[in-house]
Amino acid sequence: MKTSTMTPQSGRSTGLHEQALRPRTPSPARREASLTGSALQQSAAASSVSASDAPLPLPAGSGDELPRLGLLIRRHRTRTGLTQRELADLSTISVRAIRDLEQNRVRRPRTETVRLIADALRLGPRSRETLQQAAAQHRFAGLGESDGADATPPAPLRPLTGRADETAVIAAELATGSQRLVHIVGLPGAGKTSLALEVARRLHREERLPVLWFARSPRAGSGTPDSPRSGTGRLLHDCVTGLFTDGTAAAPGTGDSDAPTLAEHLGDQVVLLVIDGASGRSVHPERLARLLRDCPGLRVLVTSDDPWHVPGERVFLLTPLATDHEDGDTVGGATQLLLDDIRRVSPGAVTTAQDLAVVADISRRLDGLPTALLAASSWLVLYDAASLRRRLAEDPLPFLDHLAEPETAGRCLAALRDRVAALPQGHRAMLAALCDAEAAEFSLDDVEALTGSPLGHCGRTMRDLLVSGVVRTVAGPAGTRFQVLRLIRAACRDTPAD
């Protein structure tokens with residue numbers, strides 16, 4: 001500790017003589033006493049720094065391994081004589097967080113949290129580095145290594161066809177963090193889950209991202225999966241269900257519960273959270289924003305029918321697969337998917353160019369909707385391709401039931417009807433007018449002339465119909481035009497009027 005020398009101030013305001021302004025020379029005895037006191041202070045300060053920076057003894061039998069983070073924090077706290085409450089006050093961290101850290105219940109301690117604790121404990125460089133290394137051991141350990149949680153995406157039931165561009169775009173946005181909340185929306189049966197699964201598998205395989213998969217199955221009565229009893233699965237369940245306004249779990253990071261949260265479990269780690277099948281759920285914006293703020297490395301991928309309309313949401317509209325033009329010579333994604341399934345069901349069904357043209361026409365009549373294509377393919381055990389095309393032209397709705405999946409009977413058609421019924425009254429009226437029109441394609445100017453509504457109203461309504469998936473854009477030499485899906489037209493005709 002350095003001693004400060006008092007320097008006299010200017011004598012112009014004090015009236016002191018020049019003789020009084022000269023520094024006095026202390027006597028030998030006084031000088032010796034001063035030096036002795038200074039030396040004692042310096043020695044005490046050095047001893048204090050050495051004590052705060054001295055390495056803590058390792059637990060018995062640990063070899064050269066670092067002590068666990070909780071043990072280090074507890075030892076430093078008790079050595080300095082602080083209670084958990086006092087350390088919480090000094091570090092601005094909650095008492096619960098301090099307790100969870102000392103009990104090693106926080107598996108992904110945040111870098112900022114560790115720094116605040118080190119500052120509050122006034123650790124020296126060596127002790128601070130040891131604490132950070134112990135935190136890193138927790139932070140970079142595999143998710144669920146001690147609680148049996150799975151940090152890998154589920155295995156797909158079949159390969160994804162015709163979605164290479166969509167997969168690349170979404171994966172790049174989530175990998176770089178340019179988008180942290182990507183929401184895939186679209187018509188039921190468009191393949192939102194399959195796309196999310198392919199994106200998750202690519203990020204896990206190429207970017208080494210842990211993947212937490214949460215599926216809200218529409219087949220369950222409430223759409224809520226069973227709650228795991230413990231571990232990461234329980235934290236994930238409580239966190240995701242708490243994000244929705246109808247969830248019974250406490251909001252992440254709030255409340256007086258002593259249970260750890262997913263945010264405390266993940267910390268700064270880069271993780272992909274997939275919420276599959278969130279249709280019909282209203283998200284709580286504040287809870288979602290708090291989760292993204294508390295987990296700076298978290299990326300969220302959601303699939304549902306409608307956007308959430310929350311800040312930071314990147315809405316990705318997934319349209320049905322591209323169909324072949326009648327005069328084209330390329331095989332689109334819809335035709336390729338149907339071909340692959342037909343060859344699996346009936347290997348010799350498509351052998352000629354004429355057969356391929358029939359398959360392409362079937363894919364067009366089913367709008368390229370993957371669920372509808374796979375269902376129609378199952379009927380080829382009873383029909384040849386030409387006969388199936390003829391029956392689809394008469395009425396495609398019966399062929400939406402997959403013959404090999406009787407438990408799904410009527411589900412696809414019901415989903416299409418529900419999609420139309422969920423539209424606002426004015427949107428349903430415009431959709432009905434478009435379905436009654438003879439033209440298969442139309443421009444926005446055509447919509448304005450047909451409905452007699454102002455252009456701004458027509459534009460907003462058409463945009464909503466596009467996002468809902470019941471209408472799709474058609475590019476061509478005449479510019480951007482629109483088309484009501486054939487299946488939607490059939491569903492509207494088959495549905496009794498209100």
Side-chain angles (χ1 to χ4, degrees), residues 143-144 149-156 166-167 170-171 173-175 177 179-186 188 190-204 209-220 222-228 231-253 261-263 265-266 269-318 467:
L143 271 175
D150 191 4
T152 61
E166 294 92 335
T167 302
I170 298 177
E173 291 177 347
L174 292 171
Q179 299 291 340
R180 295 186 58 203
L181 174 60
V182 178
H183 197 154
I184 304 175
V185 300
K192 299 183 290 292
T193 296
S194 298
L195 177 59
L197 183 57
E198 183 64 22
V199 170
R201 293 179 66 245
R202 174 175 295 192
L203 291 175
H204 182 72
L209 258 64
V211 175
L212 299 178
W213 188 278
F214 184 92
R216 301 184 69 95
S217 173
R219 301 184 183 183
S222 63
T224 303
D226 295 335
S227 174
T232 305
R234 178 57 185 268
L235 295 179
L236 177 63
H237 178 274
D238 291 346
C239 174
V240 175
T241 54
L243 290 177
F244 298 100
T245 54
D246 61 346
T248 57
T261 63
L262 184 67
H265 188 77
L266 299 179
Q269 190 179 25
V270 179
V271 178
L272 176 64
L273 168 61
V274 181
I275 304 176
D276 180 40
S279 299
R281 309 288 174 174
S282 298
V283 73
H284 199 292
E286 290 79 9
R287 297 177 183 179
L288 178 62
R290 187 182 305 118
L291 176 65
L292 292 172
R293 183 193 63 219
D294 293 344
C295 301
L298 183 65
R299 285 90 157 106
V300 181
L301 179 61
V302 185
T303 70
S304 71
D305 294 342
D306 299 293
W308 283 344
H309 303 292
V310 297
E313 178 185 22
R314 192 276 205 243
V315 178
F316 189 96
L317 174 60
L318 184 65
V467 173

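- For Val270, the side chain to side chain contact (heavy atoms under 4.5 Å, CB included) partners are Leu209, Arg299, not counting sequence neighbours.
- Under the rule for a salt bridge (charged side-chain N to carboxylate O under 4.0 Å, His left out), the partners of Arg201 that lie at least two apart in sequence or sit in another chain are Glu198.
- Scored by the side chain to side chain contact (heavy atoms under 4.5 Å, CB included) test, Asp305 finds Pro188, Lys192, Ser279, Arg419 as partners (sequence neighbours excluded).
- When all heavy atoms of Pro210 and Gln269 are compared, the closest pair comes out as CG-NE2, 3.8 Å.
- Between Trp308 and Phe244, the ring planes are perpendicular. Angles over 60° get that label, and only those under 30° would be called parallel.
- Considering only residues two or more places apart in sequence or on other chains, Ala190 meets the side chain to side chain contact (heavy atoms under 4.5 Å, CB included) condition with Leu318, Leu369.
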Self-check item: Audit row: Cys239, Leu291, side chain to side chain contact (heavy atoms under 4.5 Å, CB included) steps and yes/no
Solution: CA-CA 9 Å; Cys239 174; Leu291 176 65; 3.8 Å; yes
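- Scanning for side chain to side chain contact (heavy atoms under 4.5 Å, CB included) contacts around Pro285 gives Val310, with sequence neighbours left out.
- Interatomic distance, Leu273 CG to Leu266 CG, rounded to the nearest 0.5 Å: 8.5 Å.
- By the side chain to side chain donor-acceptor pair (under 3.5 Å) test, Ser194 pairs with no residue at all, sequence neighbours left out.
- Atom CG of Leu197 is separated from atom NE2 of His204 by 11.5 Å, given to the nearest 0.5 angstrom.
- Side chains of Leu288 and Leu181 form a contact here, defined as non-hydrogen atoms less than 4.5 Å apart.
- Residues satisfying the side chain to side chain donor-acceptor pair (under 3.5 Å) test with Arg293, not counting sequence neighbours, are none.
- Closest heavy-atom contact between Ala200 and Val211: O-CG2, 3.8 Å.
- Residues Val185 and Pro307 share a closest heavy-atom pair of CG1-N, 3.7 Å.
- Distance alone, capped at 3.5 Å, places no donor-acceptor pair between the Arg202 side chain and the Ala171 backbone.
- Evaluation of the side chain to side chain donor-acceptor pair (under 3.5 Å) rule for Glu173 yields Arg314 as partners, not counting sequence neighbours.
- When all heavy atoms are compared, the tightest approach of Thr241 to Asp238 is OG1-O, 3.3 Å.
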Quiz prompt | Chi angles and distances behind the side chain to side chain contact (heavy atoms under 4.5 Å, CB included) call for Val199, Ile184 | solution = CA-CA 11 Å; Val199 170; Ile184 304 175; 5.6 Å; no
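- Of all heavy-atom pairs spanning Phe316 and Leu195, the tightest one is CE2-CD2, 4.4 Å.
- Between the OG1 atom in Thr303 and the NE2 atom in His183 there is a gap of 7.0 Å [rounded to 0.5 Å].
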Practice problem: Under the side chain to side chain contact (heavy atoms under 4.5 Å, CB included) rule, what do Leu243 and Ile275 come out as? Steps first, then yes or no, please. | Solution: CA-CA 11 Å; Leu243 290 177; Ile275 304 176; 4.2 Å; yes
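- Contact record, Asp294 with Ala263: CB-CB, 3.8 Å, taken as the closest heavy-atom pair.
- Distance check: Gln179 CD to Glu313 CD gives 10.5 Å after rounding to the nearest 0.5 Å.
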